[in-house]
Amino acid sequence: MTTPVAEPRQHSVTLPLTARRVALGLTALLSLALLYFIGVDQGATSLFGSDTHIHEFVHDARHFIGFPCH
Ligand SMILES: [Zn+2]
């Protein structure tokens with residue numbers, strides 16, 4: 001006697017076009033912010049003045065990704 005195996009249910013989620021646009025916009029904004037903080041923020045050109053805290057915080061990620069640093 002074999003036990004019937006339940007098939008996993010698969011659902012597709014459809015988002016309205018407005019929700020997709022908002023999700024795309026937020027993803028692009030977050031990506032650009034991450035790109036700025038990891039790749040551009042150098043302390044002297046920082047949006048937050050001559051503070052190097054953000055640069056030092058993402059310093060290892062900067063080297064790991066391969067951005068030129070020092
Ligand atoms: Zn470095």
Side-chain angles (χ1 to χ4, degrees):
M1 184 172 151
T2 60
T3 309
V5 178
E7 293 284 328
R9 292 187 177 188
Q10 296 182 357
H11 298 279
S12 63
V13 177
T14 57
L15 294 175
L17 186 58
T18 304
R20 284 186 275 170
R21 285 180 179 160
V22 169
L24 179 63
L26 289 176
T27 302
L29 187 65
L30 180 64
S31 301
L32 288 174
L34 282 175
L35 181 65
Y36 171 78
F37 285 121
I38 293 175
V40 179
D41 192 289
Q42 286 282 344
T45 59
S46 174
L47 288 177
F48 306 103
S50 60
D51 189 18
T52 60
H53 283 94
I54 294 174
H55 177 79
E56 295 300 329
F57 184 73
V58 297
H59 191 248
D60 290 342
R62 181 183 189 91
H63 281 274
F64 181 73
I65 295 174
F67 277 95
C69 185
H70 48 86

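Just follow the structure's listing: the first ligand is 1, and inside any ligand the first atom is 1. Only heavy atoms go into these numbers, but all of them, side chains included; no hydrogens, no water, no symmetry mates.
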Worksheet item: Around atom CZ of Arg20, are there more than 12 heavy atoms of other residues, nucleotides or ligands at under 6.0 Å?
Response: yes
Worksheet item: Do Leu35 and Phe67 come close enough that some side-chain heavy atom pair is under 4.5 Å?
Response: yes
Worksheet item: Mind checking who shares a hydrophobic cluster with Leu26, ILVMFWY linked at side-chain heavy-atom distances under 4.5 Å?
Response: Val22
Worksheet entry | Leu29 CG to Leu34 CG distance, which is reported to the nearest 0.5 Å | 10.0 Å
Practice prompt. May I ask you to test the His55-Cys69 pair for a side-chain heavy-atom distance under 4.5 Å?
Written response: yes
Discussion item. I need the protein N, O or S atoms closer than 2.8 Å to the Zn ion (ligand 1), given as residue plus atom name.
Written reply: His59 NE2, His63 NE2, Cys69 SG, His70 NE2
Fill in: His59 atom NE2: more than 12 heavy-atom contacts under 6.0 Å
yes
